[in-house]
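To keep things clear, I will list the structure first and then write my remarks on it.
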Amino acid sequence: MCEDDHAGIGRRAVFVTGAAAALTLATVSFASAAGGTGPRTRTVRGTLPPGSPDFVYVPVEVPRGVRELHVAYTYDRPTVPAGTQGNALDIGLFDEQGTDLGGRGFRGWSGGARTEFFVRADAATPGYVPGPVRAGTWHIALGPYTVAPQGLSYEITITLTHGEPDEAPRPVYPPERAKGRGRAWYRGDCHLHSEYSDGRYTLAEIAELARAAGLDFINSSEHNTHSAHAHWADLAGDDLLILLGEEVTTRNGHVVALGTDPGTFVDWRYRARDNRFGRFARQIRRAGGLVVPAHPHATCIGCNWKFGFGEADAVEVWNGAYTPDDEVALADWDGMLVASVRDGRRDWIPAMGSSDSHRSPDVIGRPQTVVLADDLTREAIQEGIRAGRSYVAESSKVALSLTASGGRGEHAGIGERLRVAADTPVTVRLEVTGAPRCTVRLVTDQGVLFTGDPLPVSGAGVVEWRTTASYAAYVRAEVRHEAAAGPLPGALAAFTNPVFLGS
């Protein structure tokens, strides 16, 4: 075994200034391995100080004739005082095409979920993309997510195996259509994680649990990688539409790319003040996807959304088990609705809910977005989400119907506008099933204007409320558990996007 050391933060380090700064260390050379037949190994060690840049690249010179590249790494986890961040070091890989932002060199990312990975032509560790190991300068990407006051000491072992590569398989992707019911309400979970990022579920387990939860569609959303896209085809079916996407996990918030073209990779190596997010939001849309900021008020490091909502097609208001973070997100979203009607805008951002499930006991399909779509296809589901023709429910047991009607037979549903004069009497009707002992609230731009009695133990009920467009510019419904029930006092069982009132 030959060894190289990166003293401190590395020899011949190059800084790239900016919020998402990068550091390139000294090159690891395998030139002497050219023409060999067995595995050749190099080990590098170094220490990153507090305040290190977001990304540290270790260049690796790969000679010709390599069949497989394997990387293993470790780093120290010293004890730190309470309230002080410890060490967390993510890892990924870029090939000889380089590390340019949004470039073609991406070959995989496992974050902090794995201590080793490999790539070769016919296979790769989940999170990584199979393909030839071509000659040139590759880069191991380190992401010092947090660094302890003592610094972060790491060791990386790189092994190249020579030989003839196996044939690369042609990727097969799930179909963009399932057997739907025509125009109907379809249930989906658009934020899920498997072993292809930091989850523990297999893809087969996710598909099985999605069907058991009564879902009609799901969206693949692994952290910072599209590597699962080519492994879903056999799990789709007439009863389950599988959309492909990514959870773009930046240091200033996460965004779900929902339903992109197969094989689409969206870069994540930027912060809000870099002014790069708009570029990648446009990439998501060019690839046929929706831009959905995830858990915008989550308190985990790097999770709080800082990019604004000007590029959002929808926003994930409810994430997993209902928590105070979701309550804040719901209130913030309602404030955005108020601002849109106050300013006379017709554009507004619909709300969604997803499970963000990673492993048991996370519940796939809690919550789920229920979408009115013309059919069970990628395009129809996305159009329904974009239009806000949807509501969010904690399970498939809960179903809602919210409508508004005027005196001359005018009628509008969730996500639609009832076009009536300001003083025309309007009847709002909410039908609920599957929500025993829950309380109904009707929320408008003026706040909560109606609170009903608890629903019976059957969970079914009908509420009617009369208003005018001059009194309420929109109406949306919330169905909440009893104060003493649920994971949070008064936690949501379901909520709808609004019905807008007025011409």
Side-chain angles (χ1 to χ4, degrees), residues 1-4 24 27-44 57-73 90-100 102-111 113-142 156-174 194-197 202-204 220 222 224-235 244 246 261-267:
M1 175 184 292
C2 297
E3 295 188 356
D4 297 321
T24 301
T27 299
V28 180
S29 177
F30 278 82
S32 61
T37 57
R40 302 297 176 95
T41 296
R42 299 285 187 269
T43 298
V44 295
Y57 297 107
V58 180
V60 179
E61 287 295 338
V62 176
R64 297 183 183 278
V66 172
R67 178 177 183 269
E68 179 181 292
L69 183 152
H70 181 277
V71 175
Y73 83 120
D90 294 343
I91 197 166
L93 184 69
F94 290 80
D95 65 20
E96 85 289 348
Q97 297 176 89
T99 62
D100 289 347
R104 301 174 62 87
F106 176 77
R107 288 299 291 270
W109 184 255
S110 49
R114 287 184 168 79
T115 59
E116 60 182 306
F117 62 84
F118 76 90
V119 293
R120 62 175 187 256
D122 63 316
T125 299
Y128 293 79
V129 181
V133 183
R134 293 178 288 261
T137 302
W138 289 52
H139 288 84
I140 298 168
L142 301 177
I156 307 171
T157 300
I158 308 149
T159 301
L160 303 185
T161 301
H162 286 253
E164 289 296 321
D166 292 327
E167 184 177 353
R170 182 177 180 179
V172 178
Y173 301 110
S194 76
E195 62 185 353
Y196 280 81
S197 58
T202 65
L203 301 188
S220 176
E222 308 295 355
N224 297 342
T225 181
H226 61 295
S227 64
H229 287 193
H231 299 274
W232 279 108
D234 292 342
L235 300 170
L244 303 176
E246 178 185 335
D261 293 336
T264 298
F265 163 67
V266 184
D267 214 320

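In what follows, every heavy atom counts, from backbone to side chain, and hydrogens, waters and symmetry copies are set aside. As the structure is a computational prediction, the values presented were derived from the model and not from experiment.
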Discussion item. Before you tell me yes or no, could you show the steps for Asn224 and Glu246 under side-chain contact (heavy atoms from CB on, under 4.5 Å), namely the whole-Å CA-CA distance, both residues' side-chain angles and the distance that decides it to 0.1 Å?
Written reply: CA-CA 6 Å; Asn224 297 342; Glu246 178 185 335; 4.2 Å; yes
Practice prompt. Would you sort out whether Asp95 and Val119 count as a side-chain contact (heavy atoms from CB on, under 4.5 Å), showing the intermediate values?
Written response: CA-CA 10 Å; Asp95 65 20; Val119 293; over 6 Å; no
Practice prompt. Taking the side chain as every heavy atom from C-beta outward, state whether Phe117 and Ile91 have any pair of such atoms under 4.5 Å apart.
Written response: yes
Discussion item. Please give me the minimum heavy-atom distance between Ala228 and Trp232, naming the atom from each residue.
Written reply: O-CD1, 3.2 Å
Worksheet item: Looking at Trp138 and Leu93, what are the two nearest heavy atoms and their distance?
Response: CZ3-CD2, 3.8 Å
Worksheet item: Between Thr27 (side chain) and Ser29 (backbone), is there a donor-acceptor pair under 3.5 Å?
Response: no
Worksheet item: Between the side chain of His70 and the main-chain N/O of Phe118, is any donor-acceptor distance below 3.5 Å?
Response: no
Worksheet entry | Between CD on residue Glu96 and CZ on residue Arg104, distance to nearest 0.5 Å | 10.5 Å
Worksheet entry | Smallest separation among heavy atoms of Asp122 and Pro130, with atom names | C-CB, 4.2 Å
Practice prompt. Give the C-alpha distance, both sets of side-chain angles, the deciding distance and a yes or no for side-chain contact (heavy atoms from CB on, under 4.5 Å) between His226 and Phe106.
Written response: CA-CA 10 Å; His226 61 295; Phe106 176 77; 3.8 Å; yes
Worksheet item: Does Pro165 reach the side chain of Arg120, with side-chain heavy atoms less than 4.5 Å apart?
Response: no
Worksheet item: Atom CG in Asp90, atom OH in Tyr73: separation rounded to 0.5 Å?
Response: 6.0 Å
Fill in: Atom pair CG/CD1 of Leu69 and Ile140 - distance to nearest 0.5 Å
7.0 Å
Fill in: Beyond-backbone contact of Arg114 with Glu195, side-chain heavy atoms, under 4.5 angstrom
yes
Worksheet entry | Arg67/Asp166 salt bridge by N-O under 4.0 Å criterion | yes
Discussion item. With side chain to side chain donor-acceptor pair (under 3.5 Å) as the criterion, how do Glu68 and Thr161 come out once you've worked through the C-alpha distance, each side chain's angles and the decisive distance to 0.1 Å?
Written reply: CA-CA 5 Å; Glu68 179 181 292; Thr161 301; 4.7 Å; no
Worksheet item: Ser227 and Pro126: which non-hydrogen atoms are nearest, and at how many Å?
Response: OG-C, 4.3 Å
Item to complete: Evaluate the criterion side-chain contact (heavy atoms from CB on, under 4.5 Å) for residue pair Ile158 and Phe30; output intermediate values, then yes/no.
Response: CA-CA 10 Å; Ile158 308 149; Phe30 278 82; 4.0 Å; yes
Item to complete: Measure the CD-OG1 distance between Glu116 and Thr157 for me, rounded to the nearest 0.5 Å.
Response: 10.0 Å
Worksheet entry | Euclidean distance, Glu222 CD relative to Leu203 CG, rounded to 0.5 Å | 7.0 Å
Worksheet item: For the side chain of His229 and the backbone of Gly263, is there at least one donor-acceptor N/O pair under 3.5 Å apart?
Response: yes
Worksheet entry | Residue pair Val60 / Val71, side-chain heavy-atom distance below 4.5 Å | no
Discussion item. How long is the straight-line distance from NE2 of His231 back to OH of Tyr173, given to the nearest 0.5 Å?
Written reply: 9.0 Å
Worksheet entry | Heavy-atom pair with the smallest gap, counting every atom of Pro63 and Leu160 | CD-CD1, 3.7 Å
Worksheet item: Side chain of Ser220, backbone of Leu244: donor and acceptor closer than 3.5 Å?
Response: no
